[in-house]
Novice: 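One structure, as structure tokens, below. Some questions next.
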Amino acid sequence: MDRIRIRGGNELNGEIPISGAKNAALPLMIASLLTDETLKLRNVPRLVDVAQLQRILRNHGVDTAMSGKRPGENAANGENLNLTAAEIYDTVAPYELVSRMRASFWVLGPLLARCGEAKVSLPGGCAIGTRPVDLFLMAMEKLGAELDVDNGYVISSAKKGLVGNRIVFPKVSVGATHCTLMAATLAKGETIIENAAREPEVGDLADCLVKMGAKIDGIGSSTLQIEGVDRLHGAEHTVLADRIETGTYAMAVAMTGGEVTLTGTKADFLDSFIDVMDQAGVDIVSVDNGLRVKRRGNLINPVSVETRPYPGFPTDLQAQFMALVTMTEGTSSIRETIFENRFMHVQELARLGADIKLRGDTALVHGVRELRGAEVMATDLRASVSLVIAGLVAKGDTILHRVYHLDRGFEELEQKLSNCGADIERLLD
Ligand code: EPZ
């Protein structure tokens with residue numbers, strides 16, 4: 001299996017292009033199931049998860065086509081992906097496909113709405129927590145679906161179509177909001193989703209659904225009002241910039257020193273993160289083509305954060321933030337409130353010399369003078385990249401194993417970093 005070798009100590013300087021957001025691209029691709037016309041997505045990141053979801057959608061009968069390169073286009077432009085679900089042949093999402101990517105469970109809503117039936121494998125647990133699906137099931141039942149869980153599958157039907165209803169989520173869930181929103185666009189009558197996730201990726205999906213003919217009010221708020229329509233049509237939509245990739249590279253620059261412009265991204269949707277970085281002593285300012293990142297002094301200040309649903313500090317930046325505050329002169333506390341087991345990177349950061357104590361859902365990070373390179377292993381996507389950015393400042397070589405986690409969510413990571421001066425390479429096996 002491939003590994004990544006990083007020799008720490010180089011500053012980062014230059015530009016890093018930010019890709020389209022994985023977590024927006026995936027639900028947008030799934031939305032193609034709602035119409036028999038073509039959904040044209042622009043700025044789609046080249047990622048393993050995107051390729052895997054194409055396989056899953058093709059299994060349902062969706063034709064997918066990536067268009068070729070046009071003059072003047074380069075890797076930073078993202079892909080154009082056309083998805084056409086003229087006819088859905090198969091409403092089963094099998095275990096071998098769903099188990100590889102949790103987001104594929106979200107096909108449940110669109111399949112029920114368009115075909116009146118779906119048999120979708122339960123996704124199972126994963127490295128960051130148990131991640132149940134009770135909220136999805138509650139919402140689909142409220143929309144009139146009959147559900148049974150058998151043999152590891154959710155078997156659902158709504159032979160006369162889904163019917164709008166008021167759905168109050170007891171807990172904020174990004175996936176359950178995506179799934180319910182998609183289903184409600186084709187349900188009869190009005191659906192109100194309360195305590196909906198406000199993540200920008202939900203807004204991006206809603207904007208695209210509106211382009212497809214859906215009637216949605218309250219986009220960006222925690223109450224979504226959807227008036228069902230008989231059919232949706234094709235549309236063209238550009239995937240929004242990846243705020244997690246933006247935050248990750250900003251923290252990499254904060255660790256190494258230097259000055260980098262993150263292009264193709266904006267401060268919108270990053271308020272809580274930019275505020276935390278300001279407390280840490282890092283300037284992130286808007287410039288014409290993106291965001292410029294520079295550490296104010298030589299040191300990072302200790303800061304305490306708590307992960308929260310949007311607009312709070314994102315759980316998807318927690319591991320990277322932990323890597324950053326290993327380098328302070330003081331103690332930072334990081335409380336993870338979204339996933340119960342998202343601290344798998346703690347042991348690995350400790351292998352690089354970090355001093356971190358876990359107390360329940362809180363990690364106390366005591367700053368150390370320096371990190372030292374070591375062999376480390378990643379357990380999930382964001383944990384992997386936290387080890388990469390720690391490796392950028394660790395003395396000597398860091399070798400990262402299980403690189404496939406990174407390929408799920410970071411496009412051309414080694415190239416983007418090495419273009420700015422990092423000593424990083426992939427070791428192919
Ligand atoms: C999305 O996952 C993201 N994935 C995650 O990013 C992200 O960490 C997460 O939202 C939180 O922001 C994608 O967008 C593809 P949730 P999702 O449902 O939708 C509980 C990454 O690294 N819950 O908002 O699966 C759940 O266990 C990934 O890119 C229930 O209890 O997350 C968790 O504690 C990892 N019952 C909390 O809600 C349910 O039915 C929030 O999870 C559903 C969720």
Side-chain angles (χ1 to χ4, degrees), residues 4-19 75-76 242 244-265 267 270 273-274 276-303 317 319-330 332 345 348-349 352-354 365 367-374 376 382 384-400 406 410-427:
I4 285 181
R5 182 199 59 78
I6 305 152
R7 185 158 300 157
N10 294 2
E11 275 191 357
L12 294 175
N13 283 292
E15 286 191 356
I16 299 181
I18 299 300
S19 300
D242 195 322
I244 304 303
E245 191 192 23
T246 303
T248 300
Y249 289 127
M251 286 192 270
V253 179
M255 287 191 89
T256 61
E259 184 172 331
V260 169
T261 302
L262 305 172
T263 61
T265 187
L270 280 165
F273 170 72
I274 291 175
V276 165
M277 292 295 274
D278 182 48
Q279 293 173 48
V282 182
D283 285 332
I284 302 182
V285 293
S286 294
V287 290
D288 279 352
N289 55 344
L291 292 174
R292 196 172 52 227
V293 185
K294 192 174 185 325
R295 192 170 71 200
R296 283 198 287 275
N298 283 331
L299 288 177
I300 297 290
N301 307 322
V303 188
L317 288 175
Q320 303 88 312
F321 186 74
M322 193 178 294
L324 173 68
V325 293
T326 58
M327 301 294 293
T328 64
E329 281 190 349
S332 308
H345 41 284
E348 301 302 307
L349 287 169
L352 298 174
V365 186
V368 290
R369 276 180 182 275
E370 67 173 23
L371 297 176
R372 293 175 308 279
V376 286
R382 311 303 173 185
S384 320
V385 85
S386 78
L387 299 170
V388 170
I389 67 172
L392 292 174
V393 292
K395 210 167 177 188
D397 281 4
T398 295
I399 308 282
L400 177 67
L406 276 179
F410 286 91
E411 183 176 8
E412 303 201 322
L413 173 107
E414 307 96 273
Q415 292 88 327
K416 287 184 182 186
L417 287 170
S418 61
N419 286 346
C420 287
D423 186 347
I424 178 168
E425 65 172 343
R426 186 174 290 238
L427 308 172

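In this chain, residues are counted from 1 in sequence order.
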Novice: Listed by chain and number, what are the side-chain contact (heavy atoms from CB on, under 4.5 Å) partners of E329, not counting sequence neighbours?
Specialist: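 L299.
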Novice: Specify the closest pair of heavy atoms between V282 and A254, including all atoms of both residues, with the distance to one decimal.
Specialist: CG2-CB, 3.6 Å
Novice: Atom CZ of R369 and atom OG1 of T326: how far apart are they, to the nearest 0.5 Å?
Specialist: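 Here the interatomic distance stands at 14.0 Å.
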Novice: Under the side chain to side chain donor-acceptor pair (under 3.5 Å) test, which residues partner S332, sequence neighbours left out?
Specialist: none
Novice: Carefully, step by step, assess F273 and I284 under the rule side chain to side chain contact (heavy atoms under 4.5 Å, CB included).
Specialist: CA-CA 10 Å; F273 170 72; I284 302 182; 3.7 Å; yes
Novice: L270 vs M277, test: side chain to side chain contact (heavy atoms under 4.5 Å, CB included). Steps then yes/no.
Specialist: CA-CA 10 Å; L270 280 165; M277 292 295 274; over 6 Å; no
Novice: Compare all side-chain heavy atoms of L392 with those of I6 and state whether any distance is below 4.5 angstrom.
Specialist: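 Touching, per the 4.5 Å side-chain cut-off.
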Novice: Closer than 4.0 angstrom, basic N to acidic O: yes or no for D283 and K294?
Specialist: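 The answer is no: the pair does not qualify as a salt bridge.
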Novice: What's the spacing between I274 CD1 and L291 CG if we round to 0.5 Å?
Specialist: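 Atom-to-atom, I274:CD1 and L291:CG are 6.0 Å apart.
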Novice: How many angstroms lie between atom CD1 of I424 and atom CD1 of I4, to the nearest 0.5 angstrom?
Specialist: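 That separation rounds to 5.0 Å.
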Novice: Could you tell me the separation between the CG atom of L371 and the CE atom of M327, rounded to the nearest 0.5 Å?
Specialist: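 Spacing of CG (L371) from CE (M327) equals 5.0 Å.
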Novice: Give the minimum heavy-atom separation between A394 and R372, together with the two atoms involved.
Specialist: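 That would be CB-C, 3.8 Å.
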Novice: With side chain to side chain contact (heavy atoms under 4.5 Å, CB included) as the test, would you mind laying out the steps for F410 and V388 before giving the verdict?
Specialist: CA-CA 12 Å; F410 286 91; V388 170; over 6 Å; no
Novice: Could you state the interatomic distance from CG (L417) to CD1 (I389), rounded to the nearest 0.5 Å?
Specialist: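 Rounded to the nearest 0.5 Å, the CG-CD1 separation comes out at 9.5 Å.
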Novice: Say whether, by atom type as modelled, one donor and one acceptor occur between the side chain of R295 and the main chain of G281 under 3.5 angstrom.
Specialist: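 No: the side chain of R295 does not pair with the backbone of G281.
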Novice: Would you say that L387 contacts T398 through its side chain, given a criterion of any heavy-atom pair below 4.5 Å between the two side chains?
Specialist: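 The answer is no; the side chains never approach within 4.5 Å.
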Novice: Is there a side chain to side chain contact (heavy atoms under 4.5 Å, CB included) between I244 and R382 once you walk through the steps?
Specialist: CA-CA 9 Å; I244 304 303; R382 311 303 173 185; 3.4 Å; yes
Novice: How far apart are the closest heavy atoms of V368 and G353, and which atoms are they?
Specialist: CG1-O, 3.5 Å
Novice: Just jot down the side-chain contact (heavy atoms from CB on, under 4.5 Å) partners of N289, sequence neighbours excluded, or say none.
Specialist: E15, T261, T263, V287
Novice: I want to check something: taking the side chain as every heavy atom from C-beta on, are L317 and M251 in contact at a cut-off of under 4.5 Å?
Specialist: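 Yes - at least one pair of side-chain heavy atoms lies under 4.5 Å apart.
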Novice: Let me confirm one number: the CG-CD distance from L413 to E245, rounded to the nearest 0.5 Å.
Specialist: 8.5 Å
Novice: Looking at L349 and S386, what are the two nearest heavy atoms and their distance?
Specialist: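 Result for this residue pair: CD2-O, 4.3 Å.
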Novice: In the structure I gave you, are the side-chain heavy atoms of D423 and R5 within less than 4.5 Å of one another anywhere?
Specialist: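 Side chain of D423 against side chain of R5, heavy atoms only: contact under 4.5 Å found.
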Novice: Any idea which heavy atoms bring A374 and L352 closest together, and the distance?
Specialist: N-CD2, 3.6 Å
Novice: Looking at side-chain heavy atoms only, is the closest gap between V293 and Y249 below 4.5 Å?
Specialist: no
